[in-house]
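Before any comments, here is the structure.
As a basis for the values below, the full set of heavy atoms in this structure was taken, side chains included, without hydrogen atoms, waters or symmetry mates.
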Amino acid sequence: MAQYSGSESADVPAVQRHGRPATDAAGVAQLAGTSLRTWQRNRHSEFVQAVRPLEGSKQPLLYDLAQAAAFVRGEDVPELPEHSDEHPDDMLTDAEAGAAAGISASAVRGAAGDGRMPSGVELLGRRWWTRAEAQARRGVVRHRGRIPGSVNRSPRERPADVRAREVAATLAAAERGEREPVTTAEVAERYELTARTAERTVARARELQDEAPQP
């Protein structure tokens, strides 16, 4: 196998997967000190025979950085551990973060957009969230319109005062520091309301808070 001088692996953009750094084809090309197009034309087919994409990776396909660096240096490619444990700092796609949080990929993107989840980081051409971030939101960020415990009734069909009492409880939790501040956008998504109706719901919830007996 040919030798490549390449760059130090520490300089290559990478994400953590199962506790190990991983990169995409562009990162491998950077390791080899060449352009992605040149790498794909001259070496990529040989590379993927020696270094298989990491299981479950797609868009982009990811390769173990230590294996890629060994290939580029012309060394024997080390075997991956038989059992790779999940790590809190593992980087997850929106679909993977959704699975960890118990919500859909679109709900992850929406929650990140309105502040109910961290915004994630942009690496290797897409956005990633850590496993710890996703798992911390499990049971907090909900699917659109889904209320815990609801079975046969659509959120839109719930009486207005029931919604307001639920939002009042959420406001109280936010005031205690147990969750992020409540937004009208969150209320609108949770109950499938228009922005104006969500504003009225939040206003009524605040009225209920004011009317509640003080301890």
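Contact detail for Ala66 and Arg20: the closest heavy-atom pair is CB-NH2, 3.8 Å. In terms of heavy atoms, Asp24 sits closest to Pro60 at CB-CB, 4.0 Å. Residues Val182 and Glu186 share a closest heavy-atom pair of CA-OE1, 3.8 Å. Closest of all the heavy-atom pairs between Val28 and Ala68 is CG2-CB, 4.0 Å. In terms of heavy atoms, Leu31 sits closest to Val72 at O-CG1, 3.6 Å. The heavy-atom pair separating Ser119 from Trp129 by the smallest distance is C-NE1, 3.7 Å.
By the rule that hydrophobic residues join a cluster once side-chain heavy atoms approach within less than 4.5 Å of another member, Leu36 and Val15 end up as members of separate clusters. Linking Ile, Leu, Val, Met, Phe, Trp and Tyr residues whenever their side-chain heavy atoms come within less than 4.5 Å leaves Leu54 and Leu92 in two separate clusters.
Taking CD from Glu133 and CG from Asp90, the interatomic distance works out to 12.0 Å, rounded to the nearest 0.5 Å. Here CD of Glu96 is found 6.5 Å from CH2 of Trp128. Values are rounded to the nearest 0.5 Å. The distance from the CZ atom of Arg165 to the CG atom of Leu208 is 7.5 Å, given to the nearest 0.5 Å. Taking CD of Glu86 as the start and CZ of Arg131 as the end, the distance is 4.0 Å to the nearest 0.5 Å. In this structure, Leu61 CG and Thr23 OG1 are separated by 12.0 Å, a value rounded to the nearest 0.5 Å. Distance check: Gln49 CD to His44 NE2 gives 10.0 Å after rounding to the nearest 0.5 Å.
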- Please test Thr170 against Val187 for side-chain contact (heavy atoms from CB on, under 4.5 Å), starting from the C-alpha separation and ending with a verdict. CA-CA 10 Å; Thr170 308; Val187 173; over 6 Å; no

- Message: As a quick check of understanding, evaluate ring-ring contact (aromatic ring centres under 6.0 Å, His included) for Tyr63 and Phe47, giving each step before the final call.
- Response: CA-CA 10 Å; Tyr63 305 91; Phe47 171 74; 5.1 Å; yes

- For side-chain hydrogen bond (donor to acceptor under 3.5 Å, both in side chains), just list the numbers for Arg200 and Thr197, CA-CA rounded to whole Å, side-chain angles, deciding distance to a tenth of an Å, and then say yes or no. CA-CA 5 Å; Arg200 289 197 297 266; Thr197 303; 3.2 Å; yes

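Taking a cutoff of 4.0 Å between a charged side-chain nitrogen and a carboxylate oxygen, Glu166 and Arg163 do not qualify as a salt bridge.
No donor-acceptor contact under 3.5 angstrom links the side chains of Thr201 and Arg204, judged on distance only.
Without hydrogens or angle criteria, Arg17 side chain to Ala22 main chain gives no donor-acceptor distance under 3.5 Å. Under the 3.5 Å distance criterion, the side-chain polar atoms of Arg52 are matched with a main-chain donor or acceptor of Val48. Trp39 contributes no side-chain N or O that, together with a main-chain N or O of Ala25, makes up a donor-acceptor pair within less than 3.5 Å. No side-chain donor-acceptor contact under 3.5 Å links Asp89 to the backbone of Thr130.
Here the side chains of Asn42 and Thr34 are not in contact, with every heavy-atom distance at 4.5 Å or above. The shortest side-chain heavy-atom distance between Pro88 and Gln135 does not fall under the 4.5 Å cut-off. Using a 4.5 Å cut-off on side-chain heavy atoms (C-beta onward), Arg137 and Val108 make no contact. You'll find the side chain of Asp64 stays beyond 4.5 Å of the side chain of Val51, heavy atoms only.
In the displayed structure, Glu79 atom CD is contacted under 6.0 Å by at most 12 heavy atoms of other residues, nucleotides or ligands.
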